[in-house]
Every structure is written in structure tokens, then in C-alpha cells.
Amino acid sequence: MGSTEEPNKSSDFYDPSSSPSQPLLSKPYPSPSSIDEPASHDSTTSEPDQTQYLQISYNYGPRSIKDLPFLILFALFVLSTFAFGIFASVSRNPNSLNVSSFVYDSNSTSCVKGSSSVSSFNSLFLESSLFLYSSSSSLWKSLIWTLVITVIISVPFALCVLLLLKHYTKQIVYVSLPFFVIVPIFINVYWFVACTVSSTCSDAFPLVYRILVLVFVFLIIGVIVWIFVANWHRIELTVMIIGVASDALSQNLALFGVIPVLTLGLVVYYAPIVVFLVFARQNGKILAQEKSGAYNCVWKQDSWVPAYYALAILTMMWSATAMVEAQVYVISGTIAQWYFSKDDSTPRRSIRSSLRNAFGPSSGTICLSGLLICVVRLVRAAVDSARQDVPGIVNIILRCCVNTLLIAVDFLNKFTINFAAITGEAYCTSARMTYELLKRNLLSAVFVETVSTRLLAGIVFVLSAIYAIAVCAILKAVSGLGVDLYFVAIIAWVLLIMVLGFFVHVLDNVIDTVYVCYAIDKDRGDVCKQEVHEVYVHLPISRNHRSSPVTRTPLVV
């Protein structure tokens, strides 16, 4: 918990009136009231002063298109995927699923369709599926009803959590902290006792292994306790930060409707690509293959199909990361408009303008950011797979170099989209300006308050676990599922974690956006939201910038 004296001193040190140079700025960003006002020309401003730069603020005016080449590249990927997918759908071989019905004809030296059919296999599969459903009808019925009720309850449940975090943040956090330990201990002891009592489980899982798993889980719980004890001095600051972010999100509740719609749009966009991938597998020929003097009919896939699979999968991955960045952009633009509004009222059409900017002028910036994240994930997956395949000192050195590079990319991407949503600048310019903005105001370029994310994740885990325990108790009382009720409870637990995880994802982006807005306020010497400054002023000064003199070098864009 930092004192308020040191940050105040740093803000006085960077007071614009006491500094010989001005803050880093790129271009003027008009306010809503000045968008339609004619520009006034004064004789004193006929000659531009290269040492004066306007301050960073939210850009309410029209924005120019940025990072256009990456938007064009992304469009080429999408168009190629759909074009080849349509071709694969038209040129597919209808006999691809009936290979077993073809036999080799020695007269024509080719494969011809015989009298046998695969309908018997399909009917057998259908009968087995119906038997499985009929034998577990009660399980499916309980599972479906549980999932439906969980989905219905999860929306008001998340809104109630948001309101509680807004008004009773401290109480919610301090009440939840003991459950971070109690719930895992209860689950760990419960499964150990239940498995010991059950003869089937105890026979399949010997006592030695059960004890090892029990001890291992207790060690993990001990690590969690150590993390919170080590960061206990930051808990109160975390409570205040979560409270401020919850208040900001409660002022823009429409985000809970827009962000899921964007996710649903991604699913709809994925649907034809998945169909194209299915049809692409059906492109090929049925050929005769000689093996041990006998001829068999086998399926020979066209050579271009694996290349199309690679193209489609890369397009889907890039689209997913770009959609995540678009959601961050919309959240940041909406929250920034709320932050920089002088009165307490929520700006009108803030989400609409953020959507228009995200899928308009800044769409290339979002595509570039999504591409970087996609590449990072692919490289990390390749490094993780190589870790098991290629042992040795060379592999360790290469992995260290790659991990350092990936950390640098994450460092670059941390607040770039937030800043681009506020100013409308290009990706590289936003990354550079964000770093200089935080450096100039002695703030960390990597958010110093990471406990909030872990704390919110812990609250989500506790609430979801309590809900799963309640589902177990209810199912045990009203149904005779037996051991299957644990499976239903786990599915309900996972579903609720996904919904509340979405809530935490939005709240985390709100915290990052408010952090950038606070840095802009501090840079301008302004206070747009007093309640935010009262909390964020307690953030510790970045030690990386404390030892080196901070210069205010103008950045000309």
C-alpha cells in the first residue's frame, strides 16, 4: 500500500507549468462540442511552433484509416478461404463416404461400385446412439435442464456480482478470501474420502496414489496461500481498483449485450468455414491399390486439400484473435468516453461510435494486433512441442531467446489497443506513444496491479464451486443419478466459470482502460474523474524509470 505523498511529488515534478517542454502529443483531438465548430485562425499562430504539441485526449472527431495493408491482407485471407471453400463444396466427390462399397474390377482395372452399401454401418451407428440415449435418458434430461437453468441464472448472477463489487467491494473480497482456501481443501478431502469409501474407486486407484494426489493438491493450496500473504499489502489497493472499475462498468452495462453479440457473430462467421472444411475432405478419387498381390479400393485425397486446411485454420485463428482485440477496442473506447466526460452522465452513443471506429478506420490496427497475438500463440505452441522432442542445451537456449522475444511482444501489446481506441492512432504509433506516456509519468508500462486479476479469478472460482456444490445437493435430493450427478455438476461448474470468466475479461479491460486514461489525465495535469485519481494515485512509482532521467522528447507523427 503506497503512500500518497510520493506520487503527489512526482506529479508536481511533471507539472506542465514547471516543465520547459510539453508532453508527448501527435495531433489535436477535438472534443464533442468542437467537432462542428469552424476553426478560428489567429495571426499569432500563423507560424507553427515546433516545440508546442497539443495534449493527448480522446479523439471524438473523424478518424483516418490506419494500418490499411494489414486489413487488405486479412481480407485476402478471408476471401481466399471462402473462394476455395466454395470450390471444394462444388467439386466434392459424393462417393467419398462410400469407399467400402467399391470393389476392384479386373476387366476395367478400376474400382466400381458393388452391391454392398454402408447403410448397414450407418444404421448400426444410429442404433447404438439411440441405445446410448435410451440407457442414459435420465442423465441427459438432468444435464439439459441443469445447463438451461445455469444459462438463465448466470446473466442476473453476473449483474448481481457487478453491483456487489461496486457497492461492497471490500466486504466481497475479504469474505471471499477464506474460501480461496476452504473450497479447495473441502473438495480435496471430499474426493479422497469418497474414493476411499467406494470399493470400485479404491480398487482402481490405490491408496498410495490417492495420498500422493492429496498431498500435491495441498501443496498447490499452500502456494495460493503464500501468494496472497506475500501480496497482502496490496489487497486494499486492489479492492479500491476493482471498485472503481466496477463503477465504470456499471455506467456502461450495454457492453454486456454488445460483446456477446460480437462473439456470436464470430461463431456465425465460423459456421460456413467449418462446412467448407468438411466438404474439402471429400475432394479426391477412389483408386485401386495393390497390396500383397491383391487390389483394394482406397480413398486418395487431392493434394491441395492439406494446404486449404492450413489456410482455413490460420484464417480462423487470426479472426479469433482479431475479434478479441475488437472487443477490447470497443470496451476501451466506451469506457474512455465515460471517463473524459466532464459531467457524471454517460455519453450518448458511445458504444455505437466505438463499434464504428473498430470496424471502420481502426480495423487495420485491430487486424495487425490480432496477427501479432496469433503469431505469438503459434510460436509458443511450437516451442512447447519442441521442448519435449529436442532435449539439450541448444534447445534450452533457443527456448529462452524465443520466450524473451514473446515477452517483448506482450510488453508491446499490453496497452496498445487501449490507446488506439482512445486516440485512433496506428498500431506502432500507439505502442510508442503509450510507452512514452507511461514512462513520462513514472507509471509502469506493464500494469503494476496484477493482483486484481488473480483476485477476480479466485472470486469466480469460489462462486462457481459453491454453485456446483448446490447443484450436487439438489440433484442428489430430487434425482437418482448416483455417481453421474458429479458429472452434471462439473459441467454446470464449467459453464458458470465461462460466463463469469467473460465478466472478469470485460472488467480486466476496464481496469486497463481506466489506467491509461488516468495516465493521460496525469500527463495533462487534469482531473476528469476525481474518484479514479483518489485510488490510482496510490499506485507505486515505476522503479524502471525512477533511476533514469525522464525526458519529454516530442514525438512528431
Side-chain angles (χ1 to χ4, degrees), residues 66-89 259-281 283 301 304-332 355 358-359 362-389 399 402-403 405-414 416-418 420-421 427-428 430-431 494 498 501-502 504-506 508-509:
K66 303 293 184 180
D67 299 310
L68 183 59
F70 294 94
L71 176 61
I72 296 175
L73 180 62
F74 177 76
L76 289 176
F77 266 75
V78 175
L79 292 176
S80 301
T81 301
F82 276 80
F84 283 103
I86 295 174
F87 171 77
S89 304
I259 304 302
V261 169
L262 293 178
T263 305
L264 181 62
L266 180 66
V267 175
V268 174
Y269 160 80
Y270 273 171
I273 300 180
V274 174
V275 174
F276 294 152
L277 290 174
V278 174
F279 286 159
R281 294 189 59 186
N283 282 261
Q301 199 173 67
W304 59 269
V305 173
Y308 176 73
Y309 260 76
L311 173 64
I313 292 174
L314 287 176
T315 302
M316 294 176 71
M317 292 181 61
W318 191 358
S319 302
T321 54
M323 180 56 70
V324 171
E325 294 301 286
Q327 293 177 354
V328 175
Y329 188 101
V330 173
I331 295 171
S332 301
L355 287 170
F359 295 97
S362 297
S363 54
T365 303
I366 291 174
C367 290
L368 174 55
S369 181
L371 178 61
L372 290 177
I373 295 178
C374 181
V375 171
V376 167
R377 291 181 179 178
L378 289 176
V379 172
R380 276 183 175 158
V383 170
D384 291 339
S385 61
R387 181 183 305 175
Q388 303 175 356
D389 299 337
R399 283 195 285 109
V402 172
N403 288 329
L405 178 61
L406 298 181
I407 292 173
V409 173
D410 289 337
F411 172 83
L412 173 69
N413 195 64
K414 177 61 179 175
T416 300
I417 285 295
N418 304 111
Y427 184 88
C428 295
S430 297
V494 171
M498 292 175 60
F502 161 77
V504 171
H505 167 71
V506 175
D508 275 339
N509 288 307

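Position 1 is the first residue of the sequence, and the numbers go up from there. Side chains included, hydrogens not; waters and symmetry mates left out as well; all remaining heavy atoms used. Because the structure is a prediction, the values reported are computed rather than measured.
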[X] vs [Y] side-chain heavy atoms within contact, under 4.5 Å:
X	Y	value
Phe77	Ser319	no
Asp67	Leu71	no
Leu311	Ser80	yes
Leu368	Lys66	no
Leu262	Phe359	yes

What is the ring orientation for [X] with [Y], classed by angle as parallel under 30°, tilted 30 to 60°, or perpendicular over 60°?
X	Y	answer
Phe84	Tyr308	tilted
Phe82	Tyr269	tilted
Phe87	Trp304	tilted

Minimum heavy-atom distance between [X] and [Y], given as atom pair plus value:
X	Y	value
Gly370	Glu325	N-CG, 4.0 Å
Phe70	Gly364	CB-O, 4.0 Å
Leu277	Ala312	CD2-CB, 3.5 Å
Tyr270	Met317	OH-N, 4.4 Å
Ala358	Val330	CB-CG2, 4.1 Å

Hey, is the main chain of [Y] close enough, under 3.5 Å, to the side chain of [X] for a donor-acceptor pair?
X	Y	value
Ser89	Gly85	yes
Asn283	Ala88	yes
Trp318	Val78	no

**Study point:** Trace of the side chain to side chain contact (heavy atoms under 4.5 Å, CB included) decision for Gln327 with Leu266
**Key:** CA-CA 11 Å; Gln327 293 177 354; Leu266 180 66; over 6 Å; no
How many angstroms lie between [atom1] in [X] and [atom2] in [Y], if you round to the nearest 0.5 Å?
X	Y	atom1	atom2	value
Thr416	Tyr427	OG1	OH	4.5 Å
Leu79	Phe74	CG	CZ	10.0 Å
Ile417	Ser430	CD1	OG	7.5 Å
Ile259	Leu264	CD1	CG	13.0 Å

Practice item. Test side chain to side chain contact (heavy atoms under 4.5 Å, CB included) on Leu371 and Thr321 and set out the steps. Key: CA-CA 7 Å; Leu371 178 61; Thr321 54; over 6 Å; no
Practice item. Kindly determine whether Tyr329 and Thr365 satisfy side chain to side chain contact (heavy atoms under 4.5 Å, CB included), including the steps that lead there. Key: CA-CA 10 Å; Tyr329 188 101; Thr365 303; 5.9 Å; no
